Amino acid sequence: MADYAALVQPDRVHSAVFTSEDIYKDELEKIFYRYWVYVAHESEIPRPGDYCTKWIGEKQLIVSRAADGSIGIFFNRCRHRGAAVCMDEYGNANFFRCPYHGWTYNSAGDLVGVPYPSRYGEGFDKSTLGLARVPRVDTSAGFIFASMAPDGPPLAEHLGKAAGFLADFVKASPLGTVSLSAGTSKSAFWGNWKFVGMDGYHTNFTHKTVLDLRQRKAGASYNRGAGNSDKSANESWDLGNGHCRLDLTGRDKVAIGAASNTSIAAGIPDNADGHEYMRLMSEAYGDGAHEVIRRSRDVHIHVWPNLQLIGSQVRVIRPLAAGHTEVMSYPAMLDGVPDSINTERIRSFEWFSGVASFGTPDDTEVFERNQIGLRADYIPWLVLARGLTVAPQEDGSTVGNVTDEVPQRAQMKAWLRSMTSPEVS
Amino acid sequence: MKDLELVGDVTDFLLLEAELADASAYDEWLALWDDPCTYWVPCNLDDYDPTKHVSIIYDDRARLEERCFRLTAGGAHSQEPRSKVCRVVGNIRVVNPHGEDDTVEATARTILVELRLGRKSVYAARVHYTLRRTPEGFKLRHKKVLLLDADEPLGNMTFLI
Ligand code: FES
Ligand SMILES: [Fe+2]
């Protein structure tokens with residue numbers, strides 16, 4: 001196995017971390033098949049019998065809500081001779097019936113039917129042949145996480161300071177819940193999964209046309225690119241355990257409802273529905289409603305390793321190979337608000353995100369060029385030294401200027417720990 | 001009795017639109033569109049309420065102008081270099097010669113090959129057009145492109161579809 005500590009140093013990282021197929025396979029084992037990873041959202045399986053199929057790395061899963069309302073996550077593999085028992089992305093069923101020889105499982109994963117059982121001997125015990133279950137499943141603010149390690153720190157400990165941002169995100173709804181009911185924007189690119197991070201340094205360059213479009217709209221008053229420079233009050237954060245975030249609020253200077261310089265969240269319209277939304281929020285959160293909205297709009301977080309919450313969207317990252325990654329994005333719909341508030345979230349999502357939008361395709365293009373560049377590894381190092389001298393705060397988090405490589409270093413630190421630690425820690 | 005002249009006019013328009021899109025002639029392409037208009041590429045499903053479900057593209061006139069502006073302003077890395085695109089528009093049928101607002105509705109199939117940075121991609125779509133008759137000829141009121149792989153993970157789709 002590669003000497004990971006030599007590949008990941010405090011201020012630089014080796015190209016092989018992004019280009020080696022062996023390292024990719026080891027990442028699946030050490031990170032994705034061990035640690036807590038995001039799998040699905042509760043709103044995707046609201047009723048008993050609801051299920052959806054998802055992937056962790058190369059393993060397909062069935063996320064199922066059993067008759068008693070509990071959530072189980074099963075490997076999509078018949079215990080007989082291994083055929084996948086479920087092929088739909090979403091559905092509702094009391095049973096999963098294997099197409100090969102008809103073994104049947106209920107929504108709790110138990111094997112409940114085997115055709116012609118007389119040909120099995122005495123020792124054949126159906127109760128030991130249920131769908132294999134992912135041993136640990138837990139939720140935070142409606143987000144369902146799974147860990148394939150039977151033992152290890154609980155989800156709350158893994159999430160640490162990130163949990164507060166998950167909670168903030170869903171509080172844009174007066175009911176405190178969101179639904180991933182507006183469909184999935186599905187994309188893939190030819191680059192490493194770890195390129196999808198939190199980067200406040202690239203915005204003014206990669207997203208040049210986004211700034212052009214904002215300038216076109218705002219005219220002379222537009223303070224072009226100011227939020228994404230070394231002079232900005234915006235920040236980059238290492239929250240611990242590989243979780244990181246950008247704070248693009250300029251330390252609370254962005255007025256509620258105003259289009260922020262950098263936020264890609266939808267504004268609140270100054271119309272009847274906007275006012276009704278504000279009324280519902282005040283009813284739910286009292287005097288703190290404005291602050292609740294501001295915090296939810298400005299969530300811009302990466303939950304290590306595979307979940308991002310940005311403004312009004314949920315993004316899920318799945319490695320397919322060292323140089324191939326799938327990203328599933330969902331505009332999060334707010335429960336209990338006027339329809340047009342959610343429509344505006346969808347339209348704002350489509351503006352920046354998705355394969356034909358004005359934002360993420362340029363990110364993706366850069367990730368693909370990264371993968372090309374990293375193969376020219378005559379000098380193999382990537383330099384992650386911006387803001388290297390910022391010291392951690394008392395609570396363990398590190399806060400730098402928005403353009404600092406604080407998030408990149410945070411992720412590589414978590415990466416190195418997972419790749420080298422014998423136990424899930 | 002088919003109105004062959006109408007079918008011919010519609011065909012001419014659809015082929016012109018396809019050629020301008022293939023040529024990345026953003027300004028001339030934009031000039032074919034009506035105001036208001038909708039350029040819709042659904043996501044996941046063929047038909048749904050776009051106010052409740054995300055789309056790959058759901059442009060009104062203002063956003064369509066932004067799209068063309070972005071692609072001509074310089075710095076749209078995902079189109080630098082530009083995609084080379086070659087499409088065939090066929091199976092053209094006038095499905096409603098007298099729609100609302102003096103429009104004609106037509107359907108077609110498109111097979112589109114895109115080449116960029118040495119990678120070739122093939123897309124197929126059913127397309128629904130609504131064309132408004134004006135003294136200067138047709139204007140494109142709605143275009144809805146039902147991609148065969150609307151529910152698959154897609155790569156860079158920033159060329160004109
Ligand atoms: S493989 Fe499923 S019943 Fe045989
Ligand atoms: Fe970006």
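Just so you know, these numbers come straight off a predicted model, no measurement behind them. Lettering follows sequence order; numbering is per chain, from 1.
- Using a 4.5 Å cut-off between heavy atoms, A/Pro361 touches chain B through backbone and side chain atoms alike.
- A/Ser187 touches chain B through backbone and side chain together, each having a heavy atom under 4.5 Å away.
- Using a 4.5 Å cut-off between heavy atoms, A/Ser181 touches chain B through its backbone atoms (N, CA, C, O) alone.
- Neither the backbone nor the side chain of B/Leu71 comes within less than 4.5 Å of any heavy atom in chain A.
- Most heavy-atom pairs under 4.5 Å with chain A, from the set B/Ala62, B/Gly74, B/Ala73, B/Cys43: that is B/Gly74.
- No side-chain N or O of B/Arg116 forms a donor-acceptor pair with one of B/Thr158 less than 3.5 Å apart.
- Only the side chain of B/Arg119 comes within contact range of chain A, with at least one heavy atom under 4.5 Å from a heavy atom of that chain.
- Only the side chain of A/Glu326 comes within less than 4.5 Å of a heavy atom of chain B; its backbone N, CA, C and O stay farther away.
- With respect to chain B, the highest number of heavy-atom pairs below 4.5 Å among A/Arg369, A/Met333, A/Glu368, A/Arg347 belongs to A/Arg347.
- Contacts between B/Ile57 and chain A at a heavy-atom distance below 4.5 Å involve the side chain alone, from C-beta outward.
- Aromatic rings from A/Phe195 and A/Phe18 are positioned such that their centres are separated by under 6.0 Å.
- In summary, the side chains of B/Tyr123 and B/Glu114 do not present any donor paired with an acceptor at a separation below 3.5 Å, with no hydrogens or angles considered.
- Residue contact with chain B, scored on non-hydrogen atoms closer than 4.5 Å, involves the backbone of A/Ser357 exclusively.
- Of the possible donor and acceptor atoms, none in the side chain of B/His128 sits under 3.5 Å from a partner among the backbone N and O of B/Ala108.
- In this structure, a donor-acceptor pair under 3.5 Å is present between the side chains of B/Trp40 and B/Ser55.
- Distance CZ/A/Arg224 to NZ/A/Lys208: 6.5 Å, rounded to 0.5 Å.
- For the residue pair B/Asp49 and B/Thr51, a side-chain donor N or O sits within less than 3.5 Å of a side-chain acceptor on the partner.
- With respect to chain B, the highest number of heavy-atom pairs below 4.5 Å among A/Ile372, A/Thr360, A/Thr209 belongs to A/Thr209.
- The aromatic ring centres of A/Phe352 and A/His207 sit less than 6.0 Å apart.
- Heavy atoms closer than 4.5 Å to chain B are found in both the backbone and the side chain of A/Phe358.
- With a threshold of 4.5 angstrom between heavy atoms, A/Arg216 approaches chain B through side-chain atoms but not through N, CA, C or O.
- B/Thr130 and B/Arg141 share no donor-acceptor pair across their side chains, judged by distance under 3.5 Å alone.
- With a 4.5 Å cut-off on non-hydrogen atoms, A/Tyr330 does not touch chain B at all.
- Using a 4.5 Å cut-off between heavy atoms, B/Asn156 touches chain A through backbone and side chain atoms alike.
- Ring centroids of A/Tyr24 and A/Trp193 are separated by 6.0 Å or more, keeping the two rings apart.
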